[in-house]
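What follows is one structure encoded as structure tokens, with my remarks underneath.
Predicted model only: the values in this text are computed from it and were never measured. Both ligands and their constituent atoms are indexed starting at 1 by order of listing. Along the sequence shown, residues carry numbers from 1. These numbers come from the heavy atoms of this one structure, side chains and all, not from hydrogens, waters or symmetry mates.
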Amino acid sequence: MTDKKFYITTPIYYPSDYLHIGHCYCTIAADTMARYKKIMGYDVYFLTGTDEHGEKIQRKAEEAKTTPKEYVDNIVDATKKLWKRLHIDYSHYIRTTDDYHERRVQNIFKQLYDKGYIYKGSYKGLYCVSDEAFFTESQVVKKDDGKCYCPDCEKELEYKEEECYYLKLSEFGDWLINYYKEHPEFLEPKERQNEMLKNFLLPGLEDLAVTRKGLNWGIPCPIDNEHSIYVWIDALSNYITALGYSEEDELYKKYWPCDVHFVGKEIVRFHAIIWPIMLKMLDIPLPKKVFGHGWVLFDDGKKMSKSRGNVVDPNTLIDKYGVDALRYFLMREINFGVDGFYSQELFLKRINSDLANDYGNLWHRISSMLGRYFNGVLPEEVESVYSDRERELKKAVLTLDANVESALDSFKFQEALFNIWEVIKMVNKYVEESAPWNLAKDETKKDHLANVMYISCQAYYI
Ligand code: MSP
């Protein structure tokens, strides 16, 4: 048993539709990280799941003439199959409709209420049904038709006024500003902190509506049966209810606080503002880090999203090119902290040049030469005939681990792969320049040929 533990999460996805490669992106990154930490000897807990309540799901189910539960069951089924195809090795898949989650969220809500952090009021504002979020006047997009549109999905917003319960976020603004100062590692990349400060914290935090009236597809509010718990308390709590909080403590004691929450940039504000304040109110230690990654954009610069209808189905890509190609592309092409592009052209270019040419060809060349010159048996190396270039290559290969580790420890997947491919390119160049096919013609160069094969095969293997 190891006492090194690593707890990593993805957001829980809305099962309002089948997932696209934008969702795969974060899940693959988290899986990559989880695998890396396991290799490094950590006891890893990797959580993912689905965020299944809310008006949007209810409407979607109505349109599909089915019940919300049946509707989400179908998408969850497809999501689990997709994760299996993508070799996503999660520890637990949480559904916010799971009994244990619903009960534990009610406990959490009740605790917040009993501590005096929840009060009754009424909400007036512009609401996006699609994203299930209220927006302030300054956040909405105003168009020439005089109407207000959602800054995230660009759909028309509705004006709503209703009775609801509020969470006293406003009391914790100064505390959070200070927390960011004392824990600069809490929210990364650094620019996200500036966004949070500038857009929300410095102008003054507003209290958060945490219940909805007349929402049937939600967790019943434990203190008022006319209300349901509104999305964010329900959704964010998943990171602790999955571990048993507040009913069982074995997993919770072992893995909490979380090492890192991976989240897309548009939900950073929920994870870096509401979530730490909720935890502070509950006297629970904060996660060590929230990492806000960028979006996978279409090559026209638009975010890939269900509501825009411009999504790429990962299953089609896997059918055609295989899992590794998709995993590799997403981790190599896009710098995790900022937006990046997907297009069929970029995808093909990347997998052809890196996987087929650099990596695949290298193995094809050295394995066939090993067969031809040494009957497929790797020869011993002959130290005495090492050239400077060989020593340099050996050094690059042997320091690669450390470079990759330092990149992955700061979630730089692109850099880790870049470093690996630099070495692959070096090996290709080495084979090219050493020209084993010429060495093989000369009996006196047999030792050198053995070295070339040994070094290329070991470099490839490592
Ligand atoms: N249910 C909430 C999250 C609750 S977490 C306590 C939610 N769901 S979502 O399905 O809309 O989005 C889930 C995640 O997918 C977000 O982090 C979002 O950024 C990510 N992505 C959705 N489309 C994406 C891209 N095109 N590119 C990268 N990530 C994207 O928000």
- Within-cut-off N or O pair, His271 and ligand 1, under 3.5 Å: no

- What do you reckon, does Ser16 put a non-hydrogen atom under 4.0 Å from ligand 1? no

- Task: Report yes if some N/O of Gly294 lies less than 3.5 Å from some N/O of ligand 1; otherwise report no.
- Result: no

- Give a yes or no on whether a salt bridge exists between Asp43 and Lys38, defined as a side-chain N under 4.0 angstrom from a carboxylate O. no

- Can you tell me if Asp409 and Tyr36 form a side-chain donor-acceptor pair at under 3.5 Å? yes

- Query: N/O of Asp51 under 3.5 Å from N/O of ligand 1, yes or no?
  - Reply: yes

- Query: Should the proximity of Phe298 to ligand 1, defined as any heavy atom under 4.0 Å, be assigned to the side chain, the backbone, both, or neither?
  - Reply: neither

- Message: I'd like to know if Lys124 pairs up with Glu162 as an ion pair, taking the criterion as any Lys NZ or Arg NE/NH1/NH2 lying under 4.0 Å from an Asp or Glu carboxylate oxygen.
- Response: no

- Message: Looking at Gly292, is its backbone amide N or carbonyl O close enough to the side chain of Arg192 to form a donor-acceptor pair, meaning the two atoms are under 3.5 Å apart?
- Response: yes

- Message: Using a 4.0 Å heavy-atom cut-off, which part of Phe270 comes near ligand 1: side chain, backbone, both, or neither?
- Response: neither

- Message: Under a 4.0 Å threshold between the charged nitrogen and the carboxylate oxygen, would Asp31 count as salt-bridged to Arg35?
- Response: yes

- Item | Main-chain N/O of Tyr179 paired to His183 side chain as donor or acceptor, under 3.5 Å | yes

- Closest heavy-atom approach to atom 6 (C) of ligand 1 among Tyr239, Phe262, Tyr14 is made by Tyr239

- Task: Using the side-chain hydrogen bond (donor to acceptor under 3.5 Å, both in side chains) rule, pick out the option among Glu102, Gln58, Arg212 that qualifies with His53.
- Result: Glu102

- Message: Pairs of nitrogen or oxygen atoms closer than 3.5 Å, one from Glu266 and one from ligand 1: do any exist?
- Response: yes

- Message: Using a 4.0 Å heavy-atom cut-off, which part of Val296 comes near ligand 1: side chain, backbone, both, or neither?
- Response: both

- For ligand 1, is Trp232 a contact, meaning one of its heavy atoms is under 4.0 Å away? yes

- Message: Out of Asp339, Thr96, Ile12, Ile267, who is nearest to atom 2 (C) of ligand 1 when you count heavy atoms only?
- Response: Ile12

- Item | Exam field: side chain Ser237 to backbone Val105, donor-acceptor pair closer than 3.5 Å | no

